[in-house]
Structures are given as structure tokens and as C-alpha cells.
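Data first, discussion second: the structure below is written as C-alpha cells.
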Amino acid sequence: MAWESENRVLASKLEYHIKKDLTKREKEELIQNPNDLERFFGEKLEHQFYRKVNFKQGSKLS
């Protein structure tokens with residue numbers, strides 16, 4: 001699973017908040033509910049700038 005953003009700065013912010021702000025359990029919940037960025041990050045992130053990207057099984061990020 002991955003999220004797409006408008007630029008690298010926004011992508012870095014999302015990565016930072018996932019790694020630093022979420023517990024293991026919350027990360028697992030986010031994996032199950034990837035459209036719930038607002039619920040997990042509220043005012044910390046401008047969640048509207050991110051969208052979930054689906055990958056086919058076996059595909060790789062370029």
C-alpha cells in the first residue's frame with residue numbers, strides 16, 4: 001500500500017508522522033483502513049493532499 005502526494009515535502013511529512021506518531025497497532029489499523037488519514041492525524045496533516053494508490057500483486061514501485 002502507498003499514498004501519493006503532490007510533492008516530496010508532503011510525502012516526507014506523511015512518512016514522518018506514520019513512523020513517529022503511530023503505535024504498531026495504529027499502523028496496522030491504518031493498513032486496514034488506508035483512507036482514514038484524517039482520523040489518525042487530524043490537524044497534523046493536510047490529508048486532502050494524499051490519495052491511496054493500489055498496486056497489483058507482484059508490482060514494484062519505480
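Positions are given from 1, in the same order as the sequence printed here. Keep in mind that this is a model prediction, so the values were computed, not measured.
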Trp3 side chain vs Pro34 backbone, donor-acceptor pair below 3.5 Å: yes
Side-chain donor/acceptor of Tyr50 to backbone N/O of Glu6, under 3.5 Å: no
From Phe49 atom CZ to Ser5 atom OG, the distance as rounded to the nearest 0.5 Å: 10.5 Å
Rounded distance (nearest 0.5 Å) linking atom CG of Leu14 with atom NZ of Lys44: 12.5 Å
Results of side-chain contact (heavy atoms from CB on, under 4.5 Å) for Glu15 - residues two or more places apart only: Lys19
Lys/Arg N to Asp/Glu carboxylate O, Arg39 vs Glu29, below 4.0 Å: yes
Between CD on residue Glu4 and CZ on residue Arg51, distance to nearest 0.5 Å: 4.0 Å
Over 12 foreign heavy atoms within 6.0 Å of CD, Gln48: yes
Separation between CG of Leu37 and CD1 of Ile18, rounded to the nearest 0.5 Å: 7.0 Å
Pairing residues for Glu26 by the side-chain contact (heavy atoms from CB on, under 4.5 Å) criterion, not counting sequence neighbours: Leu22, Thr23, Phe40
